[in-house]
Amino acid sequence: MAAKLIDGKAFATKIKADITAEISARKNQGFAAPCLAVILVGDNPASHIYVRNKRQACEEAGIKSIYHSLPNTIPENDLKELIHQLNNDPTVNGILLQLPLPEHINSDALLELIDPAKDVDGFHPYNLGRLAQRRPALQPCTPYGIMMLLDHIKETYKNRHAVIVGASNIVGRPMALELLLAGSTITICHRFTKDLSYFVKQADILVAAVGIPSLIKGDWIKPGATVIDVGINRLIDGSIMGDVEFTAAKEKAAWITPVPGGVGPMTTATLLKNTLTATINQDSETRDIP
Ligand code: NAD
């Protein structure tokens with residue numbers, strides 16, 4: 001039986017509509033619009049497209065976005081100074097540092113400089129640590145969006161074996177922490193895993209986040225599994241495909257995300273959600289000050 005499609009595009013549209021309504025209601029109560037500062041360094045074409053889409057989504061939701069588009073040659077100290085300024089600016093609620101950064105810049109050091117309360121990507125060690133300690137604060141956007149999709153299809157999590165392929169700081173690792181928190185049993189596979197198919201075949205929930213087209217073969221999928229394909233692989237003809245052999249996997253899975261139109265739109269929706277959450281938290285902190 002063919003799997004049901006998890007329509008991330010439609011679900012993200014609904015979430016964005018809810019966020020837009022909440023921001024509008026807050027404005028009617030006298031609150032300022034949330035404000036997201038976006039920092040883009042260099043001229044990576046994919047990064048420019050991502051930033052343009054994120055800023056457009058902000059505008060549609062009623063979130064103000066401030067844009068810092070900086071040259072590839074910018075010294076690391078200038079970026080540090082900018083982040084300090086944005087951290088200390090009470091009118092800025094969220095800070096997004098678009099990755100990847102040029103090689104002469106230490107991305108980890110800069111991400112760690114962002115005020116965790118404004119870390120709407122959820123990449124700061126504080127926010128990852130909170131997730132690891134079962135007290136999530138601002139959650140990394142892509143795994144958070146995947147959890148929303150899984151909740152939406154009424155995934156039960158407990159007594160389920162979740163296999164995550166890919167162990168990056170921004171997707172695989174926080175994904176494992178989210179699913180662990182939800183009560184699943186976790187296996188994480190990565191580039192040093194011997195016999196990937198052995199693990200994938202056991203997955204009740206499979207999350208593929210590698211960046212290799214069709215790495216996961218359709219006949220590895222356990223019948224009835226939920227398959228989440230995070231991969232975005234641009235082919236020579238310009239088309240985009242995921243990490244999973246979609247057509248064959250669809251015949252075995254119960255649920256599957258398409259690429260495009262699955263996880264991708266949710267990542268933008270959760271960025272907006274985190275920006276709103278950060279704003280609400282900061283506004284309530286301000287009101288608590290006598
Ligand atoms: P990354 O390169 O940082 O990490 C890739 C991971 O895959 C590593 O942990 C590596 O060990 C593992 N890996 C590499 N080869 C492997 C193999 N043969 N078998 C098993 N594991 C292997 O990548 P990332 O930033 O986590 O992104 C992964 C993919 O997800 C990319 O295609 C990226 O474009 C996509 N992505 C999509 C979204 C979205 O919103 N849809 C967001 C972030 C990333």
Side-chain angles (χ1 to χ4, degrees), residues 5-13 15-16 44-54 56-57 96-101 103 107-108 111 120-123 128 131 139-150 162-179 186-203 206-217 220-221 227-236 238-246 256-274:
L5 278 193
I6 306 176
D7 187 345
K9 195 170 172 200
F11 191 52
T13 301
I15 292 182
K16 285 193 266 186
N44 179 323
S47 294
H48 274 268
I49 294 171
Y50 290 142
V51 163
R52 191 187 63 206
N53 291 345
K54 287 170 187 174
Q56 191 184 332
L96 185 154
L97 179 62
Q98 182 67 40
L99 302 178
L101 293 173
E103 277 188 2
S107 308
D108 290 339
L111 288 174
V120 288
D121 258 335
F123 295 161
L128 272 176
L131 182 58
Q139 290 155 267
C141 290
T142 301
Y144 185 25
I146 291 170
M147 293 307 286
M148 284 186 189
L149 284 180
L150 291 172
V163 177
I164 298 110
V165 187
S168 69
N169 285 345
I170 64 170
V171 189
R173 280 163 202 265
M175 187 74 248
L177 292 171
E178 289 280 4
L179 287 163
I186 307 298
T187 297
I188 308 176
C189 302
H190 44 71
R191 71 178 82 242
F192 303 125
T193 299
K194 194 173 144 193
D195 196 357
L196 182 62
S197 70
Y198 168 81
F199 296 101
V200 171
K201 283 175 182 172
Q202 299 174 36
L206 174 70
V207 181
V210 177
I212 300 179
S214 294
L215 174 73
I216 311 286
K217 306 302 170 205
W220 296 356
I221 303 299
V227 177
I228 305 290
D229 193 348
V230 187
I232 302 177
N233 303 296
R234 206 170 290 273
L235 305 186
I236 298 167
S239 62
I240 289 175
M241 71 176 299
D243 291 345
V244 179
E245 264 186 358
F246 181 79
I256 191 166
T257 55
V259 178
V263 174
M266 290 302 295
T267 299
T268 311
T270 46
L271 171 71
L272 304 182
K273 194 166 175 57
N274 275 347

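Each ligand, and each atom within it, is numbered from 1 in the order the structure gives. Note that the numbering runs from 1 along the sequence shown for the chain. Remember, predicted model here, so these are calculated numbers, not experimental data.
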Before signing off on this row, confirm whether T267 and ligand 1 have an N or O atom pair separated by under 3.5 Å.
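Among all N and O atoms of T267, at least one is under 3.5 Å from an N or O of ligand 1.
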Are any of the N/O atoms on G166, whether in the backbone or the side chain, positioned under 3.5 angstrom from an N/O atom of ligand 1?
no
Closer than 4.0 Å to some heavy atom of [X] - which atoms of ligand 1 meet that?
| X | result |
| --- | --- |
| G264 | 40 (O), 41 (N) |
| H190 | 11 (O), 19 (N), 20 (C), 21 (N), 22 (C) |
| V171 | 26 (O), 43 (C), 44 (C) |
| I170 | 25 (O) |
| A167 | 6 (C), 8 (C), 9 (O) |
| V263 | 41 (N) |

Write out the residue and atom name of the closest protein heavy atom to [atom], then the distance separating them to 0.1 Å.
| atom | result |
| --- | --- |
| atom 14 (C) of ligand 1 | V210 CG1, 3.6 Å |
| atom 1 (P) of ligand 1 | S168 CB, 4.0 Å |
| atom 31 (C) of ligand 1 | G211 CA, 3.7 Å |
| atom 33 (C) of ligand 1 | I232 N, 4.2 Å |
| atom 42 (C) of ligand 1 | T142 OG1, 3.4 Å |
| atom 12 (C) of ligand 1 | R191 N, 3.9 Å |

Separation between [atom1] of [X] and [atom2] of [Y], rounded to the nearest 0.5 Å:
| X | Y | atom1 | atom2 | value |
| --- | --- | --- | --- | --- |
| I188 | M175 | CD1 | CE | 10.5 Å |
| L128 | N169 | CG | CG | 7.0 Å |
| K273 | Q139 | NZ | CD | 9.5 Å |
| S214 | M241 | OG | CE | 3.0 Å |
| L206 | D229 | CG | CG | 8.5 Å |
| K201 | I216 | NZ | CD1 | 12.0 Å |

Those residues that, when tested against Y50, pass ring-ring contact (aromatic ring centres under 6.0 Å, His included) (two or more places apart):
none
With heavy atoms under 4.0 Å as the rule, classify the contact between [X] and ligand 1 as side chain, backbone, both or neither.
| X | value |
| --- | --- |
| V165 | side chain |
| V230 | both |
| I212 | side chain |
| D243 | neither |

pair I228-L150: side-chain heavy atoms closer than 4.5 Å:
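Side chain of I228 against side chain of L150, heavy atoms only: contact under 4.5 Å found.
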Side-chain contact, heavy-atom cut-off 4.5 Å: I256 with F246?
yes
Answer yes if a protein heavy atom lies under 4.0 Å from atom 9 (O) of ligand 1, otherwise answer no.
yes
Please check if any side-chain donor atom of D195 sits under 3.5 Å from a side-chain acceptor atom of T193, or the reverse.
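Judged by distance alone, the side chains do not pair up.
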Non-neighbouring partners of L111 that pass side-chain contact (heavy atoms from CB on, under 4.5 Å), sequence neighbours left out
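Testing L111 for side-chain contact (heavy atoms from CB on, under 4.5 Å), a comparison that skips the adjacent residues, returns L97, L99, I114, F123.
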Test item: T257 side-chain N/O and G262 main-chain N/O as donor-acceptor pair under 3.5 Å:
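No, because the side chain of T257 does not come within donor-acceptor range (under 3.5 Å) of the backbone of G262.
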